[in-house]
Amino acid sequence: MGRERFLLLPLLILLAVAAPAPGPAAAATAYTADAGVILELAKSLTNPPPSWTGTDVCGGATFQGITCDGGRVTGINLAKQHLSGTLPPSLSDLTALQWLQLQGNALEGDLPSLARMGSLETLALDGNAFTALPPDFLEGLPSLQSLSMDDLPLKSWSIPDAVVGCTALLNFSASNASVSGPFPAVLANLTSLRMLRLSYNYLTGGLPVVLEGLDSLESLQLNNQNSDDKLSGRIDVVAKLPSLKTLWLHSNKFTGPIPDFSPDSQLVDFNVRDNSLTGVVPPSLIGIASLQNVKLSNNHFQGPKPKFAANNIDIDSGNGFCLKDPGPCNPLVTILLEVASGFGYPLELAKWAGNDPCRSGPWPGLTCIKMDVTQINLARKNLSGLISPAFANLTRLQRLDLSYNQLTGAIPDALTTLANLNYLDLSNNRLTGQVPEFKQRNIKLMTAGNRFGESDGDNGGGDGSNGGSSPSTPTGSRNSKSNAGMIIGILLAVILLVVCVVLFLHHRRKKNVDKFTPVSTKSPSGESEMMKIQVVGTNGNSNGSDSAIPTELYSYVSADSTNIADIFESHGMQLPMSVVLKATNNFDEDYTLGRGGFGVVFKGTLNGKLVAVKRCDSGTMGTKGLQEFMAEIDVLRKVRHRHLVALLGYCTHGNERLLVYEYMSGGTLREHLCDLQKSGYTPLSWTQRMTIALDVARGIEYLHGLAQETFIHRDLKPSNILLDQDLRAKVSDFGLVKLAKDTDKSMMTRVAGTFGYLAPEYATTGKVTTKVDVYAYGVILMEMITGRKVLDDSLPEDETHLVTIFRRNMLDKEKFRKFVDPTLELSAESWNSLLEVADLARHCTAREPYQRPDMCHCVNRLSSLVDQWKPTNIDDDDDDEGGTSETGLHQQLERWRRDDFTISDSDSFSTYSLSRKYH
Ligand SMILES: *[C@@H]1O[C@H](CO)[C@@H](O)[C@H](O)[C@H]1NC(C)=O
Ligand SMILES: *[C@@H]1O[C@H](CO)[C@@H](O)[C@H](O)[C@H]1NC(C)=O
Ligand SMILES: *[C@@H]1O[C@H](CO)[C@@H](O)[C@H](O)[C@H]1NC(C)=O
Ligand SMILES: *[C@@H]1O[C@H](CO)[C@@H](O)[C@H](O)[C@H]1NC(C)=O
Ligand SMILES: *[C@@H]1O[C@H](CO)[C@@H](O)[C@H](O)[C@H]1NC(C)=O
């Protein structure tokens with residue numbers, strides 16, 4: 001162009017000199033040329049507009065739709081004129097044309113070249129019948145601002161690279177226009193673009209990351225691709241478009257999660273319906289204030305159902321949200337989805353939907369015991385991404401197989417904290433970093449075929465010196481020695497299992513349990529009421545479990561009940577029934593944690609936190625249960641200690657008496673000692689047992705004396721000792737706790753407790769002192785040393801009671817060595833420590849109460865042993881207050897209670913208030 005102008009200039013001067021009247025002649029030629037093109041256009045249309053008569057194209061009112069300026073045609077607007085025919089090739093001679101609007105006609109044939117229309121700003125072709133585009137389409141259009149060409153029956157084409165020349169382009173709409181092939185990455189060069197619409201085409205492949213350069217893009221519509229593969233891949237790039245207001249990606253095959261949006265996002269329309277998106281809807285999207293239309297249906301979204309403020313919402317159908325309503329999921333779901341998030345929410349884990357990972361056909365890859373995940377097998381699932389530290393929150397996990405995937409990053413250290421993990425296969429991935437040190441006993445660890453030692457993100461190559469060969473040793477060598485031991489262990493465990501099963505069958509002879517209501521205390525776990533005795537009075541008469549209670553033990557306050565109600569009320573622990581029902585999924589049988597004393601314990605979820613809900617048996621509730629219920633609340637209100645299970649709230653409603661406790665994810669000590677096969681736990685090490693023993697001793701010591709008053713638990717046993725995920729222990733079940741009078745600290749009561757753990761003087765006379773608990777504690781120590789249950793019906797008459805045989809066997813060192821739990825691997829040092837604890841157990845179970853030590857003596861002896869053993873793991877927990885975590889939960893519960901409190905629930909409370917009397 002520039003050079004042409006150089007040549008043209010002297011030529012014009014020459015002409016000006018030569019010709020006598022040049023001015024009007026030059027103008028007339030230009031006029032004629034543009035008019036000629038319009039006249040040619042009129043000819044090629046089968047039905048030109050009726051006003052197009054004569055030849056004076058720019059002359060006035062005749063040629064409707066034609067705009068001229070200085071004799072040049074600058075605009076053609078023939079929208080919706082029912083025109084048919086074709087466009088003449090000479091059209092491109094209209095070099096001054098600024099707008100060409102032909103939409104809504106029936107023009108057909110080939111679109112002529114437009115390459116010389118350097119001034120063209122608006123080009124609208126939509127809704128015609130053009131079948132082909134010129135080879136130079138989009139060339140030479142530097143002024144073009146708006147291009148719309150929707151609904152054209154074109155032959156398949158792809159957007160030419162020449163589009164980069166349209167540097168002024170703001171709006172580009174070509175939907176239903178046969179655009180084919182991979183998404184045109186070249187569009188990323190059009191940084192001025194505000195609107196891009198390519199819906200209903202034949203695009204395939206993913207969104208190129210370079211699109212993030214489109215800083216001005218406000219509207220992106222790529223919905224409903226007709227190609228078999230549609231658009232696919234992840235949509236992360238859309239969150240990087242800072243001006244985006246409208247996003248239509250529906251009816252494609254996009255995968256992966258919704259990316260995180262910036263808080264400054266101005267999104268108004270967000271439509272990703274009918275894709276294969278996965279994962280949790282990010283709060284960053286939910287929080288966008290400008291959102292008005294949100295469509296998420298028919299994807300594989302997981303986790304909590306999002307709660308949008310927008311008015312037009314379509315999110316319900318075809319997704320895998322955990323609940324029908326917005327709200328936190330079951331904590332296990334939260335953990336598992338965090339695990340899936342590490343892998344980038346792959347489609348393979350889209351079936352991790354709903355709120356019941358362990359129910360009827362658990363989620364793919366999971367094995368559960370008691371609604372908790374014990375095994376995960378995701379080998380050969382083509383997983384990429386990272387191993388999430390959230391695996392460490394699956395505290396019951398025993399086996400984890402992630403072999404033969406494409407996982408990257410380092411093995412999280414947190415995996416080493418999984419106390420029950422005994423099988424970990426991470427072989428044949430692309431893991432880097434260091435293999436952390438796994439201290440779990442007998443863990444089978446496989447890590448071969450990774451890239452350990454290379455730095456993160458280093459894709460092989462590099463120094464090459466240790467490329468491939470990882471420092472991790474193959475499996476086997478570490479475990480072969482202990483194989484024989486393991487077999488013996490398994491054999492013994494099988495024998496123990498048989499014993500447990502026999503007991504279980506033995507105790508099951510009682511009547512069958514109604515499925516949901518009423519509550520039954522029948523225990524399928526071998527500990528039934530048969531073992532629990534209730535003796536009334538002081539003469540040792542055993543009355544069975546339904547004994548009448550002497551009336552002096554309690555009395556109703558029917559009229560004036562404000563007193564106690566007020567106390568509890570001010571404490572703010574009462575919860576509405578509806579909440580407890582929701583928390584436990586209407587007392588779902590599958591969420592049963594255990595059955596004991598006077599009710600069933602359910603696992604529940606309150607505000608996204610796990611809780612244990614004890615539902616007292618309404619059948620046996622009567623006076624006795626009611627007393628226990630109130631006693632328990634009363635005690636727990638007063639005592640807070642890190643080794644006593646915290647009460648978070650309670651509920652009374654009709655006949656229902658419900659207590660809500662902190663949830664202890666590690667199960668009961670009983671499950672860790674005897675019911676190993678059923679619970680799936682690995683045997684506790686000696687150090688772990690010592691730590692638990694000390695925790696329990698500290699809890700009881702606090703009950704006995706450190707609290708202002710003296711409490712006696714009266715029902716200590718392994719099933720009342722709960723463990724958290726770190727296997728630290730807390731004492732639970734305060735239903736039988738007695739407040740001893742300050743003066744003599746002993747009194748006569750009805751005998752209550754569990755057979756086997758009852759101190760002899762208490763069983764025969766009903767005289768209760770703190771030494772009753774010391775005796776039971778001694779029995780528990782014996783069970784921890786031997787791994788046996790206190791009563792074993794399968795043994796001969798004189799050997800059924802553990803205390804008797806234990807004390808007898810202690811006399812003979814060899815006999816005693818065989819008597820010790822065979823799953824314990826004892827060094828010489830730990831053997832000595834065990835002997836000391838055995839001696840303490842013997843001391844605690846002395847026949848006469850005065851011969852037994854105080855709990856503080858037990859704490860002292862054990863803490864000296866534990867300190868020498870494992871000084872790092874035992875914190876100085878001399879504080880008497882509960883830990884901070886449960887305080888947080890309690891506060892949350894309280895806040896929630898304020899929000900959702902209903903009068904009817906609180907009203908029923910007063911009916912059941914009673915005065916506390918212990919004599
Ligand atoms: C681009 O499209 C938007 C809405 O789709 C419209 O408001 C705007 O006027 C168009 N711009 C041009 C230059 O055509
Ligand atoms: C696509 O365009 C054709 C005309 O080319 C029209 O008949 C059809 O209805 C359009 N389809 C959609 C989905 O708009
Ligand atoms: C688009 O921009 C990129 C980087 O800015 C450049 O490499 C590429 O050549 C451009 N595409 C065209 C067709 O000019
Ligand atoms: C996992 O445990 C850690 C530490 O206890 C906690 O901070 C985190 O919130 C837990 N994650 C989930 C998903 O429960
Ligand atoms: C595995 O995943 C990669 C991307 O992560 C993908 O390209 C490949 O096709 C997948 N292979 C299979 C068999 O699904």
Side-chain angles (χ1 to χ4, degrees), residues 77 79 98-101 103 120-126 138-139 141 143-150 158-175 184-197 199 208-221 243 245-246 248 268-269 280 302-304 322 328-342 352 357 372-373 388-397 412-415 417-419 605 607-610 662-666 724-726 728 883-886 888-889 892:
N77 186 349
Q98 290 170 25
W99 62 90
L100 176 59
Q101 287 169 291
Q103 69 269 33
L120 196 65
E121 291 174 8
T122 302
L123 176 60
L125 304 171
D126 17 325
L138 297 182
E139 271 174 34
L141 300 172
S143 307
L144 193 65
Q145 292 178 20
S146 173
L147 168 58
S148 62
M149 48 185 300
D150 307 329
S158 43
I159 290 172
D161 282 355
V163 75
V164 297
C166 304
T167 49
L169 199 59
L170 302 176
N171 288 357
F172 181 17
S173 182
S175 79
V186 65
L187 291 173
N189 295 43
L190 298 176
T191 49
S192 54
L193 213 55
R194 288 206 200 128
M195 191 271 263
L196 176 61
R197 186 149 79 121
S199 316
V209 285
V210 289
L211 287 185
E212 71 185 18
L214 295 177
D215 285 346
S216 310
L217 196 66
E218 293 174 8
S219 176
L220 179 62
Q221 298 170 36
S243 309
K245 293 187 173 125
T246 298
W248 287 8
V268 177
D269 292 327
V280 174
Q302 295 153 293
C322 64
C329 303
N330 176 344
L332 184 56
V333 171
T334 310
I335 294 168
L336 288 167
L337 289 183
E338 204 162 305
V339 164
S341 150
W352 285 15
D372 242 325
V373 177
S388 167
F391 272 111
N393 296 42
L394 298 167
T395 51
R396 304 275 307 262
L397 197 62
D413 284 339
L415 290 190
T417 65
L418 282 168
T605 315
N607 248 7
K609 302 266 185 182
L610 279 176
E662 65 179 317
Y663 175 72
M664 301 284 286
S665 61
D724 68 12
Q725 70 173 87
D726 301 324
R728 300 304 298 266
T884 45
S885 61
E886 62 240 32
L889 179 52
Q892 228 178 343

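Order of appearance sets the numbers: ligands from 1, and atoms from 1 within every ligand. Note that the coordinates shown come from a computational prediction; the quantities given were computed from them, not determined experimentally.
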J.: Classify the side-chain pair Glu218/Ser216 by whether it contains a donor and acceptor separated by less than 3.5 Å.
T.: no
J.: CD/Glu338 to CG/Leu394 distance, rounded to the nearest 0.5 angstrom?
T.: 10.0 Å
J.: Quick check on contacts: which atoms of ligand 3 are under 4.0 angstrom from a heavy atom of Asn189?
T.: 1 (C), 2 (O), 3 (C), 8 (C), 10 (C), 11 (N), 12 (C), 14 (O)
J.: Please say whether Asp161 places an N or O atom under 3.5 Å from an N or O atom belonging to ligand 3.
T.: no
J.: May I ask you to list the atoms of ligand 3 that are less than 4.0 angstrom from any heavy atom of Val186?
T.: 13 (C)
J.: In a simple table, one pair per line, please give the protein and ligand 1 atom names for every N or O pair closer than 3.5 Å, along with the distance.
T.:
residue, atom, partner, partner atom, Å
ligand 1, 2 (O), Asn171, OD1, 3.4
ligand 1, 2 (O), Asn171, ND2, 2.1
ligand 1, 11 (N), Asn171, ND2, 2.9
ligand 1, 14 (O), Ser146, OG, 3.4
ligand 1, 14 (O), Asn171, ND2, 3.4

J.: Of all the atoms in ligand 4, which lie at a distance below 4.0 Å from a heavy atom belonging to Glu338?
T.: 13 (C)
J.: Taking side-chain contact (heavy atoms from CB on, under 4.5 Å) as the definition, give me every residue that meets it alongside Pro328, ordered by chain and number, with sequence neighbours left out.
T.: none
J.: So how far is it from Gln145 CD to Glu121 CD, rounded to the nearest 0.5 Å?
T.: 5.0 Å
J.: Rounded to the nearest 0.5 Å, how far apart are CH2 of Trp99 and CG of Asn77?
T.: 8.5 Å
J.: Would a distance-only check, ignoring hydrogens and angles, find a side-chain to backbone donor-acceptor pair under 3.5 Å from Asp726 to Arg728?
T.: no
J.: What's the shortest heavy-atom distance between Thr191 and Leu214, and which atoms?
T.: CA-CD2, 4.1 Å
J.: Does the side chain of Ser173 come under 3.5 Å of the side chain of Asp150 through a donor N or O and an acceptor N or O?
T.: yes
J.: Considering distance alone, does some N or O of Asn393 sit under 3.5 Å from an N or O of ligand 4?
T.: yes
